[in-house]
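To start, the structure itself, in structure tokens.
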Amino acid sequence: MPENKRTASGALGGIVGLVGLSAAAGLLVTAAVTPAIAVSGLAASSAITIFDNMPSYLQPDKLMLPTTLMAGDQVLAKFYDQNRSPVTFDQVNPVMYDAILSSEDPRYYQHGGVDLIGTTRALLSNAAGGATQGGSSISQQYVKNVLVQRCERSAKATDAVEATDTTPAIPAMTRDEALQKCALEAIQADGVEGYQRKLQEMRYAVQLEKQYTKDEILLGYLNIANFGGVTYGIDAAAKRYFNVSAADLNIGQAAVLAGMVQNPNRFRIDLSGGSIVDADGVAYNKAADGSIDDVEQSTIQALYTLRDNGEITQEQLVAAADGYSETKGRQLYVLSRMEDDGKITHEQFVQYALEPITPNLTSTSQGCAVSAAPYFCQLVVATILSDPAFGAEDDDRVQALRQDGLTIQTTLDLRMQEAAQNAMNNVVPSSDDRLKLGSTALSLEAKTGRVLAVAQNTKFPEDPTQSENDPSYSSIVFAGNSELGGSIGFNAGSTFKIFTLVDWLEKGNSLNAQLNGRLQPVPNMKNSCTGPWVNTDRYQIENFDQNPGYYGTPLRFTKESLNTGYLAMAAQLDLCDIANVAKKMGVGTTGDGKPITMENANEVIGSDNVSPLAMAGAFATVANGGSHCQPKLIDKVTDADGAERPIPDRTCETVLTPEVAATAAYALQGVMSSGGTGQTANPQDGTAVLGKTGTHEAHETWMIESSTNVTTAVWVGNWDGGRETLFRKYANGYQLSDMRYAVARQVQSAADEFYGGDRFPDPAQNLLRTVTKDVPNVVGRSIDEARSTLQSAGFSVTVGDPVDAEFGGDRVAEQNPSGSAPAGATITISPGNGQGGTVPDVSGQNLNAAQSALKSAGYNNLSVSCKDDSGAPDEGRVTATNPAGGTSANKSTAIVLDVVKKKCQ
């Protein structure tokens, strides 16, 4: 058991240590080591100078601790340079203290920080052998570990420095190499440098003993010490090697761990392949690579002594040594020291000497590859390494991730993540021999921007070479951008039309306005930022499936995703304004960070490469009533002491009026309804959803949909920028181009189940109004001239059947409607048939004259209705006609003349 007070017999060592900072102590310690210094050729006065000029105070820094990413109450991933779980003094089994003190510093509670006996012996040995040996007290070892950790905390990668006339070249150094350099410098310094280091450790150790209790220093040492690889501290070591806490270590396990600290990587038991003992009882250790190295028989001499004394058999010796013979030798040394010190009985020594070392290893895996959501995890890591909330410099942010012991509560919803990844696994294969097939599905909370899930069809590699040799692995996060995840984004296709739709509404235009969406050369477009775009080549942009287009409304254009309709809308807008709408809705740059400027018409229909995460945020803006929330990955950050730290700044800002947002949502709901391009992605579970499909030249496909609460974005395409078509290619029972619908439907269904959703607000009626315009009068013009005039005025035109008119041929005899009509309405124009005319008014004329006049006008089908009138002339007088004079009638119409005559025949 550890002792809290020194014994009287150790008073001299304690006094010497405590007064070590004085000149007298300097002389005393120097006197103790003078023989060694003399052997090495150093003058005693030089040693005194060295000692006095060294810093006398060492404040232990906070321990390096793993940073942990959390999803709710579950660990998502850990990152560390040193895997450590600090414990209090009472959380360590006392046998561990006994083991470490018996083997490393049996006079710990008697000296004052420096064991002069052990130190003098070590220095004499060093002088004789030329290399620094052991002899350090626990306090000195603690000092050494504190200094190593301080060096490692500030370790940085460095660039190569070319040689000059006065300085040699310095090779580049990675951060891992810098970390290794810290440890090597602490343990491999020879000659004068070695003595200086040892003296400095002594001075610091004496000072620590004045500042802290023995128990505090002993615990500090066990919490900071390395136990092989990246395992640091006694609790992490107990869990790593034996799957128990430090409080539950038994004697044999404690002896193994105590034996490790002398050379942690030599005696670690998680890499060796075991060992064998030959027929003569000679032990061998099998290295990690399977090779077998001789191990001196003395390393397990204690076992042979037991055998030779008849306490164990040869078979027991073989069984005990088989496994980790070199480490077994260290364990036996520790057990023997514990027995000598009376910490264990001889029976306990025999029991644990015979018990083979049997590790029960637990994983020390770190990083995103072992996470339940590796690509989401990678976005969080990229945020930590780039956001100033975690430090002003790159090295500060690396330290925050790997050393500061932060607990980072992420926004991930494991229910949504599981649903998204299951949907992805069920629909999209992880690779395809025909193309570099990639897919991502992400969901975010529309009202907050919190990212709930990020799924991907590929597997995240633990080793970078996996992605080089296996196309099913990729370290690129398809949902992100070049800064977050290493992707440059993907061509947005028609999902990008949302920005033209919003700008159309912001300018006060109606969803029910009529536009010419027929296939034609792309119209010239205004851009007040970069100058107008002019279609000098008169080229056309086609619609999906060879649709010739039509005269229609933005409401219909949106539902059916008509390219030519949206180009007609953009021609009445300003491309610069559309770009500004995209920017305020969170898509101001491409995936590789270039500003979106809308310098040509192709950008209206999504030629820019953008990130799915940014596009999801844009659609969430509409679903959220016009408030745009920047996508958010981190909810809370606390440090190792439980204090909250700042999180990355993410804001929600109203960028659209409620009226515009509601009306845009109304149009986008049509996409998800019957006949809309996104109807097959609608979960049809009673929750209202809006959405938009997107296809870019058959090699990129999108489906973005949203309830009022959760937005889901799915992309499927060529992840390497290839142009292989996704159509007429099948996998898992789906056409590649249709996979987006199935994935989005399943993910949004889960979102609706977990988060629900409300009905969207009603659209603004003024943005649904029917707009009327004056209709030009084209009667009498040729059919072609009339059509051009009406179309230029924004109307659709159809040609009706010929109507009665005096003229025939291709001249317009009639138009309907005339005067005014809704903008974009269809005007029917009808040519004349040449058989129309006006019945002459022949009333009062005698019968012969009237008949002659009618026949001259082309009316030959005449008949008479006569009535006797004694006062009428003999030849008869016409009183009326039917049809009446002055009315229009076809020339084949039968004309009846009403006649009065003195005597009718």
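Numbers for residues simply follow the sequence, beginning at 1. When reading the values below, keep in mind they use all heavy atoms of this one structure, side chains included, and skip hydrogens, waters and symmetry mates.
A salt bridge is absent between D404 and R397; no separation between the charged side-chain nitrogens and carboxylate oxygens falls under 4.0 Å. Salt-bridge formation is detected for the pair D270/R240: a Lys NZ or Arg NE/NH1/NH2 atom is positioned less than 4.0 Å from an Asp or Glu carboxylate oxygen.
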>> One pair to check against salt bridge (charged side-chain N to carboxylate O under 4.0 Å, His left out): K632 and E445. What are the steps and the verdict?
In response: CA-CA 9 Å; K632 178 181 181 181; E445 201 170 40; over 6 Å; no

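Side chains of S494 and K497: a donor on one and an acceptor on the other come within 3.5 Å. A donor and an acceptor atom, one from each side chain of T711 and S706, are located under 3.5 Å apart. Side-chain contact of S707 with N709: a donor-acceptor pair under 3.5 Å is absent, judged by distance alone. Side-chain contact of E705 with T712: a donor-acceptor pair under 3.5 Å is absent, judged by distance alone. Checked by atom type, the side-chain pair Q417/D413 shows no donor-acceptor distance below 3.5 Å. A donor atom on one side chain and an acceptor atom on the other are found under 3.5 Å apart for R740 and T695. Remark: the T693 side chain and the T677 side chain contain an N/O donor-acceptor pair separated by less than 3.5 Å. One side chain, D752 or Q748, offers a donor N or O that lies under 3.5 Å from an acceptor on the other. A donor atom on one side chain and an acceptor atom on the other are found under 3.5 Å apart for T558 and Y566.
With sequence neighbours left out, Y375 forms a ring pair (Phe, Tyr, Trp, His ring centres under 6.0 Å) with F460. Taking the ring pair (Phe, Tyr, Trp, His ring centres under 6.0 Å) definition, one finds that F227 meets it with nothing, sequence neighbours left out.
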Could you tabulate the donor-acceptor pairs under 3.5 Å formed by side-chain atoms of residues 646-658, not counting sequence neighbours?
unit_1, atom_1, unit_2, atom_2, d
R650, NE, P631, O, 3.4
T651, OG1, Q630, OE1, 3.3
T657, OG1, V660, N, 3.1

In a table with atom names and distances, give each donor-acceptor pair under 3.5 Å that connects a side chain of residues 486-493 to protein atoms at least two apart or in another chain.
unit_1, atom_1, unit_2, atom_2, d
S487, OG, G489, N, 3.0
N491, ND2, S607, O, 2.8

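For D635 (side chain) and Q409 (main-chain N/O), no donor-acceptor pair under 3.5 Å exists by modelled atom type. Judged by distance alone, the side chain of T362 and the main-chain N or O of K239 form a donor-acceptor pair under 3.5 Å. A distance-only check finds a donor-acceptor pair linking the side chain of N624 to the backbone of S627 [under 3.5 Å]. Under the 3.5 Å distance criterion, the side-chain polar atoms of E644 are left unmatched by any main-chain donor or acceptor of V637. Side chain of D641 to main chain of A643: no donor-acceptor pair is present (N/O by atom type, distance under 3.5 Å, no hydrogens or angles).
Within a 6.0 Å sphere centred on CG of D463, heavy atoms belonging to other residues, nucleotides or ligands number more than 12. By the neighbour-count criterion of 12 heavy atoms within 6.0 Å, atom NZ of K583 is sparsely surrounded, having that number or fewer from other residues, nucleotides or ligands. The environment of E697 atom CD is dense: over 12 non-hydrogen atoms of other residues, nucleotides or ligands sit within 6.0 angstrom.
Applying the side chain to side chain donor-acceptor pair (under 3.5 Å) test to pairs two or more places apart or on separate chains, none has a residue in residues 66-75. Applying the side chain to side chain donor-acceptor pair (under 3.5 Å) test to residues at least two apart or on different chains, the pairs with a partner in residues 76-86 are D81-R175, D81-R402, D81-Q403, Q82-R84, Q82-E152, S85-D235.
The cationic atom of R415 (NZ for Lys, CZ for Arg) lies less than 6.0 Å from the six-membered ring centre of F754 and within 45° of the ring axis.
Minimum heavy-atom separation, A372 to L76: N-CD1, 4.2 Å.
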